[in-house]
Amino acid sequence: MVLCAVFLMGSRLIGYQCFNVISPSMKPEYNVGDLIYVEKVDPNTIKEGDVITFILNEDLVVGTHRVIRVDAENQRFYTKGDANEIEDQSPVHFNNVIGVPKFSIPKLGYVSDFVQNPPGMYVTIGVGIVLILLVFLPDMISKKKKEETATVQANINTTAEENENLKAELVRLRAEIQN
């Protein structure tokens, strides 16, 4: 779980955004279920042949395709999925570029999707709570046992002291009776 958290959340700390691959359009480079790590770049540095991740439409749907042509004058990229026969119908404006994929982890996208949506989110939270309990419960139990042991020992010591006092009193009373 910790490794998944590092790969899913920790990457943001070093400037990467993670995206799940949900279509086979970039096969064999990226397969369905892969998790790609995208780094923000200046669109002016992107050239033909680079793979870019971009916003497709107003619904903020994200895509990742290869640049097949750059129209720097109109600030447009023409893209195509490696597995697609034809280029994408709409060019990508420079402003819609999120970044360039730097690396991917096969199948981790399935895990990412699972933990970000119910019921996987609930399962993940439940497993996390159970793991935390398993880490701290033994300490809590041993602390309670130590406290109980200390209380029992104190009671034993008190009882032993009372027994000694009673024995001394009994010896004194016997001595008094014999005199």
Side-chain angles (χ1 to χ4, degrees), residues 1-140:
M1 259 181 71
V2 172
L3 282 175
C4 282
V6 167
F7 283 120
L8 296 174
M9 305 288 237
S11 60
R12 292 177 189 217
L13 297 174
I14 56 174
Y16 290 110
Q17 284 185 276
C18 300
F19 296 95
N20 296 333
V21 177
I22 59 172
S23 83
S25 66
M26 282 300 291
K27 262 185 132 176
E29 183 142 2
Y30 303 115
N31 295 301
V32 173
D34 290 356
L35 189 67
I36 58 173
Y37 291 81
V38 177
E39 182 179 44
K40 185 175 181 141
V41 296
D42 178 1
N44 293 306
T45 64
I46 297 170
K47 58 190 178 313
E48 187 177 312
D50 289 346
V51 177
I52 61 172
T53 298
F54 53 91
I55 298 169
L56 285 165
N57 56 32
E58 318 66 57
D59 295 331
L60 302 179
V61 174
V62 174
T64 299
H65 282 170
R66 191 171 305 280
V67 175
I68 57 170
R69 201 167 65 250
V70 179
D71 180 359
E73 185 179 316
N74 294 312
Q75 295 189 324
R76 304 270 191 268
F77 294 109
Y78 292 87
T79 58
K80 176 181 160 305
D82 289 354
N84 296 344
E85 295 293 322
I86 59 172
E87 74 178 53
D88 299 336
Q89 291 181 352
S90 301
V92 178
H93 192 278
F94 280 24
N95 292 337
N96 288 358
V97 173
I98 295 171
V100 174
K102 290 298 181 180
F103 64 96
S104 68
I105 300 178
K107 309 300 180 207
L108 191 58
Y110 291 125
V111 175
S112 171
D113 189 50
F114 179 75
V115 300
Q116 290 178 11
N117 298 298
M121 182 185 307
Y122 306 130
V123 170
T124 304
I125 290 169
V127 167
I129 290 169
V130 167
L131 288 175
I132 289 169
L133 285 175
L134 290 175
V135 167
F136 293 108
L137 200 57
D139 291 338
M140 292 167 41

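A quick note: this is a predicted structure, and the numbers were derived from the prediction, not measured. All values below were derived from every heavy atom in this structure, side-chain atoms included, with hydrogens, water molecules and symmetry-related copies excluded.
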Sequence neighbours excluded and cut-off under 3.5 Å, please list the side-chain donor-acceptor pairs for residues 26-34, or say none.
| residue | atom | partner | partner atom | Å |
| --- | --- | --- | --- | --- |
| Glu29 | OE1 | Arg66 | NH2 | 2.6 |
| Asp34 | OD1 | Lys107 | N | 3.4 |
| Asp34 | OD2 | Asn31 | N | 2.8 |

Exercise. Can you check whether His93 reaches Arg76 side chain to side chain, under 4.5 Å on heavy atoms?
Worked result: yes
Exercise. Would you find a donor on one side and an acceptor on the other, under 3.5 Å apart, between the side chain of Thr124 and the backbone of Gly120?
Worked result: yes
Exercise. How long is the gap from CG on Asp50 to OG1 on Thr79, to the nearest 0.5 Å?
Worked result: 12.5 Å
Problem set entry | Heavy-atom pair with the smallest gap, counting every atom of Asp88 and Gly81 | OD1-N, 4.2 Å
Problem set entry | Any donor-acceptor pair under 3.5 Å from Asn84 side chain to Lys80 backbone | no
Exercise. If you draw a 6.0 Å radius around CD1 in Ile68, do more than 12 non-hydrogen atoms from other residues or ligands fall strictly inside?
Worked result: yes
Exercise. Taking side chain as C-beta onward, heavy atoms only, is Pro91 less than 4.5 Å from Asp71?
Worked result: no
For this session: Answer yes or no: does atom CD1 of Ile86 have more than 12 heavy-atom neighbours from other residues, nucleotides or ligands under 6.0 Å?
Result: no
Exercise. Just how far is it from atom OH of Tyr122 to atom CD1 of Ile125, taken to the nearest 0.5 Å?
Worked result: 8.0 Å
Problem set entry | Any Val67 side-chain heavy atom under 4.5 Å of Ile46 side chain | yes
Exercise. Would a distance-only check, ignoring hydrogens and angles, find a side-chain to backbone donor-acceptor pair under 3.5 Å from Asp59 to Val61?
Worked result: no
For this session: Determine the minimum heavy-atom distance between Val135 and Asp139, stating which atoms define it.
Result: O-OD2, 4.2 Å
Exercise. Going by the angle between their ring planes, with limits at 30° and 60°, are Phe77 and Phe94 parallel, tilted or perpendicular?
Worked result: parallel
Problem set entry | Shortest non-hydrogen separation from Leu35 to Cys18 and the atoms involved | CD1-CB, 4.0 Å
Exercise. In Å, rounded to the nearest 0.5 Å, how long is the span from CG of Asn20 to CG of Leu108?
Worked result: 8.5 Å
For this session: Evaluate the side-chain proximity of Ile36 to Val21: yes if any heavy-atom separation is below 4.5 Å, no if none is.
Result: yes
Problem set entry | From CD1 (Ile14) to CD (Glu39), nearest 0.5 Å | 9.0 Å
Problem set entry | Residue pair Ala83 / Pro24: nearest heavy atoms and the distance that separates them | CB-O, 3.4 Å
For this session: Any chance you could measure Ile98, atom CD1, to Thr64, atom OG1, to the nearest 0.5 Å?
Result: 7.5 Å
For this session: Determine the interplanar angle of the Phe54 and His65 rings, folded into 0 to 90°, and report it as parallel if under 30°, tilted if 30 to 60°, perpendicular if over 60°.
Result: perpendicular
